[in-house]
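Numbering of ligands and ligand atoms starts at 1, following listing order.
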Amino acid sequence: MRIGNHVKLGVNIDHIATLRQARRDIDPDPVAAAQVARQAGADMIVTHLRQDRRHIQDDDLIKLCKLKGDLHLEMADTPEMVAIALKAGPASICIVPESPKEVTTEGGLNLVNGGKSLGKTIEKLKKAGIEVSLFIDPEAPSVRTSKALGADAVELCTTAYCAAPNKAKSQAELERLELAGYLAHEMNLTLHAGHGLDYHNVQAVARIPHLGALNIGFSIVARSVFVGLKSAVSEMKQLIN
Ligand code: PXP
């Protein structure tokens, strides 16, 4: 939910773990990174436990959930992930599509094929007191299906907006995000957005009416190499509010 002019910033710390996994070492520690990000103004810490464990590991998730403040978990809808989530107990979960060969999440969920199993997963997670969102493309049918499946929130995929080759296309993508956002709000769904956002393209998205939170990872971690994580987070925070 948007409080006054405040859009929450969810900082995804996966790529801190990507660097650690390059050497299978203990540094840099994503748990320590989460603490720095929070001190710098992150409202939530976000992490995606992938089935191939390419960055965050199960143990990281357990430790991240024990830290003070909200942990937002991104995960695929699989029995293994649901069991891990119920054990770890994050504050909220975003269910995302996942395929082993992708470099990063490639767009929103296909709700036409996944509907039935998703509904059951949402019910289980909500029963455990976890707020559930679905990562969707900014399209009216996906918003409506999310509501019908029982989701509390939707996270609109901003990839097409971020990858737009020119101003006209980027404006058109922004309007798609806004329209889907209005519908989500009308349907009483909490509104989040994210994927591919950076220091140059974030401000227009942050002004989308009814937006509650933005989830941003890669650009923040990339910038932190040059300015440090604390500055990278607080610069992003300043841009979105
Ligand atoms: N939102 C979702 C659902 C994601 O899967 C990701 C990537 O983990 C992000 C936001 C963050 O994307 P980026 O790293 O491009 O900022």
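- Under a 3.5 Å cut-off, the side chain of Gln21 and the backbone N or O of Thr18 do not form any donor-acceptor pair.
- Counting Ile, Leu, Val, Met, Phe, Trp and Tyr side chains that sit under 4.5 Å apart, directly or through other members, Val46 stands alone, with no cluster partners.
- Under the side chain to side chain contact (heavy atoms under 4.5 Å, CB included) test applied with Asn215, the options His195, His48, Lys8, Met44 reduce to a single match, Met44.
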Give every pair formed by an N or O atom of ligand 1 and a protein N or O atom closer than 3.5 Å, one pair per line with both atom names and the distance to 0.1 Å, or write none.
| residue | atom | partner | partner atom | Å |
| --- | --- | --- | --- | --- |
| ligand 1 | 1 (N) | Glu74 | OE2 | 3.4 |
| ligand 1 | 1 (N) | Glu155 | OE2 | 2.5 |
| ligand 1 | 5 (O) | Glu74 | OE1 | 3.1 |
| ligand 1 | 5 (O) | Thr105 | OG1 | 2.9 |
| ligand 1 | 8 (O) | Asn12 | ND2 | 3.3 |
| ligand 1 | 8 (O) | Glu74 | OE1 | 2.9 |
| ligand 1 | 14 (O) | Phe218 | N | 2.9 |
| ligand 1 | 15 (O) | Gly196 | N | 2.8 |
| ligand 1 | 16 (O) | Gly217 | N | 2.8 |

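- Every residue two or more places apart in sequence or in another chain that forms a ring-ring contact (aromatic ring centres under 6.0 Å, His included) with His15 is listed here: His55, Phe218.
- The residue from Leu149, Leu118, Thr145 that alone fulfils the side chain to side chain contact (heavy atoms under 4.5 Å, CB included) condition with Leu109 is Leu118.
- Other members of the hydrophobic cluster containing Val96, listed by chain and number, are Phe135; membership follows side-chain contacts under 4.5 Å among ILVMFWY residues, whether direct or relayed.
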